[in-house]
Colleague: 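Let me give you the structure first, and then I'll get to my questions.
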Amino acid sequence: MTSAGSAIRVALPLPIRQTFTYALPDATPVPDPGVRVRVPFGERALTGVVMPGEPDPAPGAPREILEVLDAEPVCPPELLATAERVARRCFAATGEVLRSALPARLPATGAIRYRITERGALAGSASVGPAERSILEMLAAGETRRVVELPGDGAVRRDALRSLEERGFVRAVSTGREAARRVELAYETKVPAGEDRDARIARSRRGRDVLEHLDALGRPATAAEIREATGAGPAVLKRLTELGLLRRFEQDRREIPAPARGVPSPHPATEAQAAAIDRIAAAIRDRRFFPALLQGVTGSGKTEVYLRAIRLALDAGRGAVWLVPEIALTPVFARELSRQFGPLAAVLHSALSDRERADAWDRVRRGEARAVIGPRSAAFAPVADPGLFVVDEEQDASYKQRESPRYDARDVVALRAKENGAALILGSATPSMEAWHAAEAGRLERLVLPERIAGRPLPEVRIVDLRRQPARPDEKGVPLFSAALLERLEEVFARGEQAILLQPRRGFAPFLLCRECGEDFGCRRCSVSRTVHEKGRRLVCHYCGERSPAPLRCPECGGGVLEAVGAGTERVAERFSERFPGVPCAVLDRDTARRRGGADAVVDAVRTGAVQCLIGTQMVAKGHDFPNVTAVGVLSADTLLNFPDFRAAEKTFQLLAQVAGRSGRGDARGTVHVQTFHPEHPAIRRAAVHDVDGFARAELEFRRAFFYPPFAELAAILVSSADRDRAEAAAAQVGKGLRGGPEGLRISGPAPAPLERLQGKWRFQILLRAADRRLLLAALEAAVPERPPAQVQIAVDVDPQDLM
Ligand SMILES: [Zn+2]
Ligand SMILES: [Zn+2]
């Protein structure tokens, strides 16, 4: 029998919104909150996380845990509390939030091995306390030891290890394999910077990056460090070594110096940057929650403000988390962070292997790295005493997770910033309506960077009315390139400058049509048409992935006139090459990015000038800095505008402003041509004159009038099933529950979702709106069953970013 005192509260990765109570076997010390345990659940064994607080009284005797997995917590108490609050706010289970937060396959913290350093071996016994001394004595023989093998236990051992590590007396080697490898390869430059060296590296940009990084570092670096900082792999290092530019040698791990800092930014701050930094500095120093909106057009130097603020946080002995959207250019910022902060920087991006992610997480948790950059999931980085959270491009929809748990990283860092007395910097050229409204209401302090660096003017935007453009006979009244755009492109290419063309759809054409019977070859499992790929040879459903060769004759009527209607990036590239045969172009979209190194290779080719025209989807709009691009063409601004979503105008405005920011980043003034059938639409008109505030005011009037966010809290309830009747009945049941719920709710539906069928399932949607989050959650709690009826799924998305 277990006594009540030895029960613990455990969060499990299950879609059940509660924690579970387990008993500890006799003589098992109570594990700290944040330690992982194996527990029986039904017939299965699951890994859960011990939570702080009193366990709920369980009906009957609780089952015993199977095993304690960690010697010390995998995440700090502050993160556990955040996970619980996030789970509540997004109507999800704490265990699921923690599963999203923690890297998959994080090794047990008990498995981390420690080794004594030379400094530790030389340390006099008088300089350490008794707990520390007994650890040093055990390690003195030179072997590595696991945490659990070291003397002492629980908090005492943990504190002793931390203090020894901070003073450089012991080092953690996180895994067995690394511990076994005592030496590793390091590189240093052999030839000083100068003409001779430049001549030898010729056109290799990567090669130059590596040498410049080592110059700036002023010490040798390992291959892994170089890769993290510059992105250069073994092939580049091998080549530089062969060219006699690098020296390669083996060094003992223990001798690797750990400089406290990398190199600071070479750019002086502008007046506006300095003013913003002063405000942030005061908040970090005073440990005061300071939420701010850093508003500035692209090219106004927001990144410089982030980097300086991160330095301030580190100088104050605190940590920093920098979130970036999930896009191909994360490595650019990661490199800069590494360059400036050396080993204090950690990258947690999605392209890392499980092992690399686990290693990075561990370095952060142990306090070795204190400046973290990454996409959404990095919001949970276990940085101790965070003093700064940065959300770059805060309007980006990728901060919201689309599958359960549907948390919003912006929400996570806001909670953490408040909890830790930290600065929260939301950066954007085109703020979300939520952020803009919060700044107007005084809940966010507005920090403005008014102009582009070096006073570069914003590009000139021309709206092209597609209704007045003659179309080619095969274009069905929808011309691809307007006369004005073609004229501008000729001029740009003749001058040796570059252009970007944005077409929001990938593939060859949006759909295939039988001219005789109108069959459109839609997906059999989803209520959408399938996209034509490979110049018409293949049909692909972008929602479920179903693909098949395109038919040669219509299977419905036998007709032989099948036509690919409209244009995706692939067809735009084909048309472009017909029109500008001598101008090299490349496509950047999800198809090209998916190939390993694909996006990087395309971006590099544009940067070196090998590609003169970049054609792509929304991906071309984000962040890239190509100084020689002087013309941007938006081939169809209407694709996003026509989405059945209350954010359609906001997203269109943001996309146009972003892509416009790609033009004229060098010395020449840029132009942007926006082709549209809705030249009068406010999103397009305001984007053309770079009027962020004017657009926001008009859009917020619409949101207020129709009771949409940020004036309402919104939840989308999606009920789906392979059986249409079951889905409809279950949706009706939830709707009935909501209508009997508290006052002050606005309920729309149930109605078929805009995407009525997806992957073979029928989908019904209910939209629920309330004046505040508490009321919304209470209504959901009352009406959404914890276990849905048989063969039915119910998904709740609080504050959804899209309503398909
Ligand atoms: Zn047909
Ligand atoms: Zn499909």
Side-chain angles (χ1 to χ4, degrees), residues 397-398 401-404 406 473-478 503-571 589-595 617-619 639-640 642-645 716-728 730-731 750-765 791-795 797 800-804:
S398 76
Q401 179 150 295
R402 275 149 200 267
E403 61 271 17
S404 184
R406 295 175 175 81
D474 62 338
E475 285 178 330
K476 301 280 161 299
V478 186
Q503 178 71 343
R505 313 194 72 143
R506 64 197 166 94
F508 185 73
F511 63 99
L512 189 69
L513 184 71
C514 170
R515 289 291 300 276
E516 283 165 39
C517 75
E519 166 68 30
D520 67 356
F521 307 96
C523 178
R524 278 169 300 170
R525 309 175 63 220
C526 312
S527 49
V528 293
S529 50
R530 285 185 297 169
T531 305
V532 186
H533 280 257
E534 296 170 31
K535 299 191 176 172
R537 282 193 290 275
R538 201 169 276 284
L539 295 176
V540 181
C541 172
H542 283 182
Y543 285 90
C544 72
E546 188 191 86
R547 51 179 58 227
S548 63
L552 297 173
R553 304 196 75 81
C554 174
E556 293 298 312
C557 72
V561 189
L562 302 182
E563 186 185 359
V565 180
T569 48
E570 206 186 300
R571 183 176 249 178
D589 58 20
R590 259 172 50 209
D591 296 318
T592 50
R594 202 171 308 147
R595 295 169 211 143
T617 55
Q618 281 87 327
M619 287 179 79
T639 312
L640 283 177
N642 295 336
F643 257 63
D645 185 330
I717 305 167
L718 189 74
V719 182
S720 59
S721 172
D723 181 325
R724 194 178 188 283
D725 293 343
R726 280 178 195 267
E728 193 168 17
L755 201 57
E756 188 179 1
R757 205 151 171 263
L758 180 66
Q759 304 191 351
K761 291 199 169 133
W762 296 93
R763 307 160 85 238
F764 287 82
Q765 194 180 57
Q791 295 169 47
V792 172
Q793 289 81 42
I794 301 180
D797 192 349
Q801 291 295 309
D802 72 68
L803 296 171
M804 294 304 284

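Any value given below was found using the heavy atoms of this structure, including those in side chains, with hydrogens, waters and symmetry copies removed. For ligands, and for the atoms within them, numbers begin at 1 and follow the listed sequence.
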Colleague: The Zn ion (ligand 2) as vertex, arms to SG of Cys544 and SG of Cys541: angle to 10°?
Modeller: 110°
Colleague: Please assess Glu546 against Arg530 for the test salt bridge (charged side-chain N to carboxylate O under 4.0 Å, His left out), listing each intermediate value before the final yes or no.
Modeller: CA-CA 9 Å; Glu546 188 191 86; Arg530 285 185 297 169; 3.2 Å; yes
Colleague: Could you check whether atom CZ of Arg590 has more than 12 heavy atoms from other residues, nucleotides or ligands sitting under 6.0 Å from it?
Modeller: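 No, because the 6.0 Å sphere around CZ of Arg590 holds 12 heavy atoms or fewer from other groups.
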Colleague: Under the side-chain contact (heavy atoms from CB on, under 4.5 Å) rule, what do His542 and His533 come out as? Steps first, then yes or no, please.
Modeller: CA-CA 11 Å; His542 283 182; His533 280 257; 2.9 Å; yes
Colleague: Restricting to under 2.8 Å, identify the protein N, O or S atoms around the Zn ion (ligand 1) as residue plus atom.
Modeller: Cys514 SG, Cys517 SG, Cys554 SG, Cys557 SG
Colleague: What are the two closest heavy atoms between Gly558 and Arg553, and how far apart are they?
Modeller: O-NE, 3.0 Å
Colleague: Working note: Thr569 + Asp589, criterion side-chain hydrogen bond (donor to acceptor under 3.5 Å, both in side chains); need CA distance, chi angles, decisive distance, verdict.
Modeller: CA-CA 8 Å; Thr569 48; Asp589 58 20; 2.8 Å; yes
Colleague: With a sphere of 6.0 Å drawn around CZ of Arg406, does it hold more than 12 non-hydrogen atoms of other residues, nucleotides or ligands?
Modeller: yes
Colleague: Less than 4.0 Å between a side-chain N and a carboxylate O, is that true for Arg763 and Glu756?
Modeller: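 Answer for the salt bridge query: no.
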Colleague: May I ask you to check if any N/O/S atom from Cys526 comes under 2.8 Å of the Zn ion (ligand 2)?
Modeller: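 Of the N, O and S atoms in Cys526, at least one lies under 2.8 Å from the Zn ion (ligand 2), which means yes.
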